[in-house]
Amino acid sequence: MSEDDYCLIDATRPPRAQGPPYAECVLCREPTQYPESYKGITLCPVCEWQEAQRTACSG
């Protein structure tokens, strides 16, 4: 059984911005690495890492 067989979290991410303006993190309002024009949930690198730790699949 591979890791993909039981980990069902969708890991899609918005495209990285080439430069400012950057979208705000939906949790802490810090600038993210994603373009301001992206419509959807954006997280800064710190909140992205913390969310990944919180939702990590355990095997």
Side-chain angles (χ1 to χ4, degrees):
M1 179 191 275
S2 74
E3 183 176 312
D4 295 332
D5 291 338
Y6 59 87
C7 188
L8 303 175
I9 295 172
D10 182 11
T12 58
R13 293 184 179 183
R16 298 224 181 249
Q18 299 299 315
Y22 298 108
E24 286 184 343
C25 176
V26 297
L27 298 177
C28 70
R29 299 291 185 212
E30 290 294 317
T32 67
Q33 300 170 348
Y34 307 114
E36 192 174 62
S37 61
Y38 180 75
K39 303 297 182 208
I41 295 172
T42 53
L43 299 173
C44 71
V46 172
C47 290
E48 213 171 67
W49 182 84
Q50 289 174 339
E51 186 69 10
Q53 292 296 311
R54 188 181 69 77
T55 60
C57 296
S58 60

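Every heavy atom of this structure was used, including side-chain atoms; hydrogens, water molecules and symmetry mates were not.
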At what distance, to the nearest 0.5 angstrom, does [atom1] of [X] lie from [atom2] of [Y]?
X	Y	atom1	atom2	result
Cys47	Glu30	SG	CD	8.5 Å
Ile41	Leu27	CD1	CG	8.5 Å
Gln50	Cys28	CD	SG	8.5 Å
Glu48	Tyr34	CD	OH	3.5 Å
Leu43	Trp49	CG	CH2	14.0 Å

**Report entry** Donor-acceptor pair, side chain of Thr42 and main chain of Glu24, under 3.5 angstrom
**Finding:**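 Judged by distance alone, yes, a pair lies under 3.5 Å.
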
